Amino acid sequence: MSLTETLAPAASADAMEKVRAALAAKPDGVIEVVAREHGVSTLAVLEATPDEQRRFIAAERFEALWQELSSWGTVLFIVHTPDIVLECEGSLPVGSFGHGYYNIHGDSPIGGHIKAGNCTAIYLVDRQFHGRRSCSVQFFNGAGEAMFKVFVRRDEARELLTDQVERFEALQRSFT
């Protein structure tokens with residue numbers, strides 16, 4: 001049984017067959033778009049990608065992972081809903097738990113209060129996106145939807161920042 005089947009309502013076998021066909025036809029497409037087109041969760045689509053493109057991290061590692069990500073410097077923080085893809089570049093402030101939230105405040109445009117208890121799965125995702133390598137850390141809720149994503153940034157030439165790729169690859173070795 002996949003994590004998706006454990007956490008979120010199961011997608012029909014027919015829907016998942018269509019998801020796999022969509023990923024085969026466009027393996028570097030937007031996961032959320034495929035999910036919405038086929039009526040399944042974002043996590044269900046991610047789990048239909050090849051194993052080498054994703055690594056699971058238990059949600060219990062949320063704080064330790066956040067602490068590591070806060071040392072990366074400026075990252076790309078994305079919240080992708082049906083209504084908006086919000087992109088914000090900034091460093092991730094070190095956070096702390098209080099009043100039911102993981103609170104992040106600091107000298108960054110990224111700040112606020114994360115309901116970390118709603119995080120049920122975290123994935124390190126290393127896949128092609130519109131023909132280019134993309135590396136991200138994606139946090140999922142119990143409905144199988146992404147709460148938010150933290151991406152390795154690109155330079156002016158649209159290449160991934162080498163130091164952040166090295167840190168991402170270190171996460172793949174140490175957090176899984």
Side-chain angles (χ1 to χ4, degrees), residues 2-9 30-36 40-47 49 53-127 129 133-155 160-176:
S2 75
L3 185 62
T4 301
E5 294 167 332
T6 304
L7 299 176
V30 179
I31 297 289
E32 286 84 355
V33 170
V34 175
R36 287 184 185 89
V40 301
S41 72
T42 302
L43 184 56
V45 175
L46 180 62
E47 288 187 339
T49 64
Q53 293 182 6
R54 58 186 158 76
R55 301 251 174 104
F56 172 77
I57 297 177
E60 293 77 24
R61 312 264 331 256
F62 179 98
E63 185 174 26
L65 181 58
W66 186 274
Q67 297 294 327
E68 171 59 30
L69 292 171
S70 70
S71 72
W72 284 25
T74 302
V75 295
L76 179 61
F77 187 87
I78 294 181
V79 177
H80 187 156
T81 75
D83 302 310
I84 186 171
V85 179
L86 178 65
E87 300 179 5
C88 182
E89 286 190 3
S91 60
L92 298 181
V94 173
S96 62
F97 285 100
H99 305 288
Y101 289 89
Y102 190 71
N103 302 294
I104 53 173
H105 301 289
D107 188 21
S108 173
I110 301 169
H113 314 279
I114 301 169
K115 196 71 165 174
N118 288 354
C119 182
T120 56
I122 305 167
Y123 276 89
L124 302 176
V125 179
D126 187 345
R127 63 186 295 267
F129 180 70
R133 183 181 184 195
S134 176
C135 300
S136 62
V137 183
Q138 302 187 17
F139 297 76
F140 288 88
N141 63 26
E145 295 306 326
M147 298 170 67
F148 58 89
K149 304 173 186 183
V150 178
F151 280 81
V152 169
R153 281 192 32 248
R154 297 183 183 280
D155 63 18
L160 293 173
L161 297 179
T162 305
D163 65 317
Q164 287 187 359
V165 170
E166 289 170 359
R167 289 172 177 257
F168 179 83
E169 290 171 348
L171 283 180
Q172 291 176 311
R173 294 186 298 274
S174 65
F175 270 83
T176 56

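None of the values given here were measured: they were computed from a predicted structure.
Shown here are the ring-ring contact (aromatic ring centres under 6.0 Å, His included) partners of Phe168, two or more places apart in sequence or in another chain: there are none. When the side-chain hydrogen bond (donor to acceptor under 3.5 Å, both in side chains) test is applied to Trp72, the partners found at least two apart in sequence or on another chain are Glu68. In this view, Ala116 and Phe62, Phe97, Tyr102 satisfy the side chain to side chain contact (heavy atoms under 4.5 Å, CB included) rule, not counting sequence neighbours. Thr49 pairs by the side chain to side chain contact (heavy atoms under 4.5 Å, CB included) definition with Leu23, Ile31, Leu46, Gln53, Arg54, Arg127, not counting sequence neighbours. Listed by chain and number, the residues in a side-chain hydrogen bond (donor to acceptor under 3.5 Å, both in side chains) with Ser70 amount to none (sequence neighbours excluded). Considering only residues two or more places apart in sequence or on other chains, Ala170 meets the side chain to side chain contact (heavy atoms under 4.5 Å, CB included) condition with Arg173. Every residue two or more places apart in sequence or in another chain that forms a side chain to side chain contact (heavy atoms under 4.5 Å, CB included) with Val33 is listed here: Val30, Glu37. Under the side-chain hydrogen bond (donor to acceptor under 3.5 Å, both in side chains) criterion, Thr81 pairs with no residue, sequence neighbours left out. For the side-chain hydrogen bond (donor to acceptor under 3.5 Å, both in side chains) test, residues two or more places apart in sequence or in another chain that qualify with Ser136 are Gln138.
Of all heavy-atom pairs spanning Glu32 and Ala146, the tightest one is OE2-CB, 4.4 Å. For Leu92 against Phe77, the heavy-atom pair with the smallest separation is CD2-CD1, 3.9 Å. Here the shortest heavy-atom pairing between Ala59 and Cys119 reads CB-O, 3.1 Å. Here the closest heavy-atom approach between residue Phe56 and residue Ala121 is recorded as CE1-CB, 3.9 Å. Taking each heavy atom of Ala143 and Ser41 in turn, the nearest pair found is O-CB, 3.6 Å.
Residue pairs meeting the salt bridge (Lys or Arg N to Asp or Glu O under 4.0 Å) criterion with at least one member in residues 99-113: none, sequence neighbours excluded. Residues in residues 111-126 take part in these salt bridge (Lys or Arg N to Asp or Glu O under 4.0 Å) pairs, two or more places apart or across chains: Asp126-Arg133. Residue pairs that meet the salt bridge (Lys or Arg N to Asp or Glu O under 4.0 Å) test with at least one member in residues 71-95, sequence neighbours left out, are Glu89-Arg153.
Environment of OH in Tyr101: sparse, with no more than 12 heavy atoms of neighbouring residues, nucleotides or ligands closer than 6.0 Å.
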Inset, instruction - Quick one: do Thr162 and Asp155 satisfy side chain to side chain contact (heavy atoms under 4.5 Å, CB included)? Show the steps, please. - result: CA-CA 9 Å; Thr162 305; Asp155 63 18; over 6 Å; no
Legend entry - side chain to side chain contact (heavy atoms under 4.5 Å, CB included) evaluation trace for Ile57 with Leu124: CA-CA 8 Å; Ile57 297 177; Leu124 302 176; 3.7 Å; yes
Inset, instruction - Could you please spell out the steps behind the side chain to side chain contact (heavy atoms under 4.5 Å, CB included) verdict for Phe148 and Leu86? - result: CA-CA 10 Å; Phe148 58 89; Leu86 178 65; over 6 Å; no
Inset, instruction - Check the pair Ser71, Arg167 against side chain to side chain contact (heavy atoms under 4.5 Å, CB included), reporting the backbone distance first and the verdict last. - result: CA-CA 10 Å; Ser71 72; Arg167 289 172 177 257; 2.9 Å; yes
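No donor-acceptor pair closer than 3.5 Å links the side chain of Asp163 to the backbone N or O of Glu166. Remark: the backbone N or O of Ser108 is not paired with any side-chain donor or acceptor of Ser91 at under 3.5 angstrom. A donor-acceptor pair is defined here as one N or O able to donate and one able to accept, closer than 3.5 Å; no such pair exists between the side chain of Asn118 and the backbone of Gly142.
Proximity of Leu65 to Phe139: side-chain heavy atoms (C-beta onward) are separated by under 4.5 Å at one or more points. Here the side chains of Val40 and Val34 are not in contact, with every heavy-atom distance at 4.5 Å or above. Using a 4.5 Å heavy-atom cutoff, the side chains of Ser96 and Glu63 are not in contact. Taking the side chain as every heavy atom from C-beta outward, Ile78 and Val85 approach each other to under 4.5 Å. Under the 4.5 Å side-chain criterion, counting only non-hydrogen atoms from C-beta, Val137 is not in contact with Phe151. Phe175 has its side chain within reach of Arg61: a pair of non-hydrogen atoms, C-beta onward, lies under 4.5 Å apart. Between Glu145 and Pro82 there is no side-chain heavy-atom pair separated by less than 4.5 Å. With contacts defined as side-chain heavy-atom distances shorter than 4.5 Å, the pair Trp66/Val94 does not qualify.
The distance from atom CD of Glu60 to atom OG1 of Thr120, rounded to the nearest 0.5 Å, is 10.0 Å. Between the CD1 atom in Ile110 and the NE2 atom in His105 there is a gap of 13.5 Å [rounded to 0.5 Å]. The OG atom of Ser134 sits 9.0 Å away from atom CG of Leu76, with the distance rounded to the nearest 0.5 Å.
Between the side chains of Arg36 and Thr42, no donor-acceptor pair of N or O atoms lies under 3.5 Å.
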